[in-house]
Number of protein chains: 2
Amino acid sequence: MRGIRQLAKHLDISIGTVSRALNGKPDVNDETRRRVLAAAEELGYVANQSGRSLRQGTTNVIGLMIESSKETLENGDNFFLGLTGGLQSVFARHKLDLVMLPCPSEEDSQEYLKRMVARRVVDAMIISATQRVDKRIDFLAKAKIPFVALGRSASGGNYTWIDLDFEGVAACAVERLISKGHRRIAIAAPSNDINLGYIFVDAYRQALERHGIEYDPALVIRVKSSEQGGYQAGDDLLGLEIKPTAIILIYELMAIGLYRRLVEAGIVPGRDLAVIGFREEPRARFLQPTLTCFRMSLRDLGVKLAETLLATMPAYAEFYPKGARNTIWPLELAPGESDAFTLNS
Amino acid sequence: MRGIRQLAKHLDISIGTVSRALNGKPDVNDETRRRVLAAAEELGYVANQSGRSLRQGTTNVIGLMIESSKETLENGDNFFLGLTGGLQSVFARHKLDLVMLPCPSEEDSQEYLKRMVARRVVDAMIISATQRVDKRIDFLAKAKIPFVALGRSASGGNYTWIDLDFEGVAACAVERLISKGHRRIAIAAPSNDINLGYIFVDAYRQALERHGIEYDPALVIRVKSSEQGGYQAGDDLLGLEIKPTAIILIYELMAIGLYRRLVEAGIVPGRDLAVIGFREEPRARFLQPTLTCFRMSLRDLGVKLAETLLATMPAYAEFYPKGARNTIWPLELAPGESDAFTLNS
DNA sequence: TTGCCACACCAAAACGTTTCCGGAAAGCGC
DNA sequence: GCGCTTTCCGGAAACGTTTTGGTGTGGCAA
């Protein structure tokens, strides 16, 4: 099938009418519409996206930008794939398609984004791994491209974002440990400039201070958010003069390396040191003792992301009443054995 | 910047000349070209992709189709992300962009593919997880869309594919085990219709028979390609009347579950049962004892995939001399402790 | 009858780009 | 000076679609 023109000729109808029939526009007789739809189905006609995009100035494609940093690659990450299910279930209702745009690790992420946007390959963007100061946000705002950020920047300013409830998680973890008698609680945070690290440590600090425990910077261990990072964290922890009795990990992946380092040192997690991880990671499920951690549904988060994004787009706003611009996404505590160690005795 | 027209007007040059200047076509004075490039840079002009695609009939986008099956999601998988690095490094040379197209698990993969292709959103496709009989291949061939399949179908027929060297891996694993005295070697293969399962088991069978060991179907354990599948495989293995002394796993992920089941049964991997895994998986790196397995560079595989694909596209064929249509990708043995168990004593 | 309106459709313009074709200007050999 | 080629550029068509404005038909009320 060569195009709408052929289809129109085949039906002996003008192309305008065919177009309106296919797109569910008014001003077309029911019988005519039926015929058009039937013929399109039969001949396997599907509208050429380029032509449509050119005319409408819209591509009907939403981009999910992915950082394929070395760290992400090493770790492997089902995070984005987990999101796609929820995203697509919402987008499908509006005949929108999702594409994942992996930013090459060699290319500057802002340059990449700029290229994708300037080429008009997507109508809107979802960005993630928000930096403390993230130039992508200014760029998208200035270019008037609808977007939602997964993760807030330091300013937290005037744009749409969804972020995980780091405050809640940190508070919950800290209080749980305190209730077991721990006073000297370490935290393993990421060493790069991603903002969630700062938020998490801040929340940890506040939770401590609420319970009258002095914040000790020495207990904040900055390492890579990876298995290796966890091992390194174990190393750093063992090097401390006064050893902590508990540790909170900002990425569960760290638990794998941490466990290994602990075992090497003859320390049994859960018995000699309480460990709490942050985000449930399939890869951490096998750990012995099982890791106490915080869970969430990636699919549900995807749905929320999609709905939030569409709410910012004029064409779809009617379906998604404008709620709050920013959402804090809750997580659920999943108790395990790794924080069984208690000092109350 | 509104379009090439504005740019042309600003330079007081015709749009045709501007277009030629930007695209590196001849028939443009060096000085003029310089001015155009400078102005484009200054005004931030980037060609609208829709207009270009419409005119050229080409999108300059390559799609990497991803199955986001429940299994993939549960497992988490950095496989595709690992591929993107290599793919993009090649595509970038030709100003091609890569998009990952995650097929919603609710949608039939062929329907999804058909939609993406009919819409002309990509010029070419990379498909993966090839089924034994894969309708996508016929469809793409008939639609004359350049594509390369990662994984061959049962027919192995008349299309371009790249596949891992299952024969080599299976033979190497079997021989390694035989040389340690094992005669009763089990294999854990996937239970779905993905073709690599069949290829792998066939190769395993042939390797056995080459060494005069009778093939016993009871030793082929079909389970899900996941951690749970590995646990199940352990279960099945323990239920066998005559226990095998070694097992080959088609996915390393299985090793996690298998180890757990073995430990539960008081069996120590590597001491009481030899275990060899197939594809190196970051998540399996922490296992104790370390897993003997086969490695490959995902990045290199991505490069090969990209080059193979471009070789099939007339517009790029000149850069990539037409080699063999099909490639068997080698893997490297990475010895670990899990197959230390030997019967030679 | 006349006027009005709703309905269903057609013709044409527009979206932004690339590419084909023709032609002006300049250079060159004779 | 003449014919030829080369160099460079402008004009216009074309890609496939949506959308706007216009048109003819028939029904209905005045």
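In the text below, chain A, chain B and the rest are named by the order of the sequence lines, each starting its count at 1. Because only heavy atoms are used, hydrogens play no part in the values below, and waters and symmetry mates are left out as well, while side chains stay in.
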For A/Thr59 and A/Asp123, which I'm curious about, is there any donor-acceptor pair between the side chains at under 3.5 Å?
yes

Nearest-Å distance for atom pair CG/P, residues A/Asn23 and D/dT19:
7 Å

Looking only at the aromatic ring of each residue, does the gap between the centers of A/Tyr45 and A/His10 stay below 6.0 angstrom?
no

In this structure, which one of A/Val99, A/Thr58, A/Ile62 forms a side chain to side chain contact (heavy atoms under 4.5 Å, CB included) with A/Val122?
A/Val99

So, B/Tyr320 versus B/Thr308: side-chain donor-acceptor pair below 3.5 Å or not?
no

For a quick test of reading the model: is some side-chain N or O of A/Lys25 closer than 4.0 Å to OP1 or OP2 of D/dT18?
no

Taking for each residue the nucleotide of DNA chain D bearing the nearest heavy atom, is the 5' side occupied by B/Ile15 or by B/Leu54?
B/Ile15

Looking across every strand, which nucleic acid part, if any, lies under 4.0 Å from B/Thr32 by heavy atom: base, sugar-phosphate, or nothing?
sugar-phosphate

Can you give me the first and the last nucleotide of DNA chain C (5' to 3') that has an atom within less than 4.0 angstrom of a non-hydrogen atom in chain B?
C/dG16 to C/dT19

D/dT18 C1' sits how many Å from A/Arg5 CZ, rounded?
12 Å

Look at A/Arg34 together with A/Glu41 and state whether they make a salt bridge at an N to O cut-off of under 4.0 Å.
no

Closer to the 5' end of DNA chain C via nearest nucleotide, is it B/Gln56 or B/Asp27?
B/Gln56

Applying a 4.0 Å non-hydrogen cut-off, can you work out what B/Gly57 is touching in the nucleic acid: base, sugar-phosphate, or nothing?
nothing

Identify the heavy atoms of B/Arg136 and B/Ser109 that sit nearest to each other, and give their distance.
CD-OG, 3.9 Å

Determine the contact category for B/Asn29: base if any of its heavy atoms lies under 4.0 Å from a base atom, sugar-phosphate if only primed atoms, P, OP1 or OP2 are that close, otherwise nothing.
sugar-phosphate

Whole angstrom value for the distance that separates C1' of D/dT19 from CZ of A/Arg20:
9 Å

Mind checking if A/Asn48 touches a base, just sugar-phosphate, or nothing, with heavy atoms under 4.0 Å?
sugar-phosphate

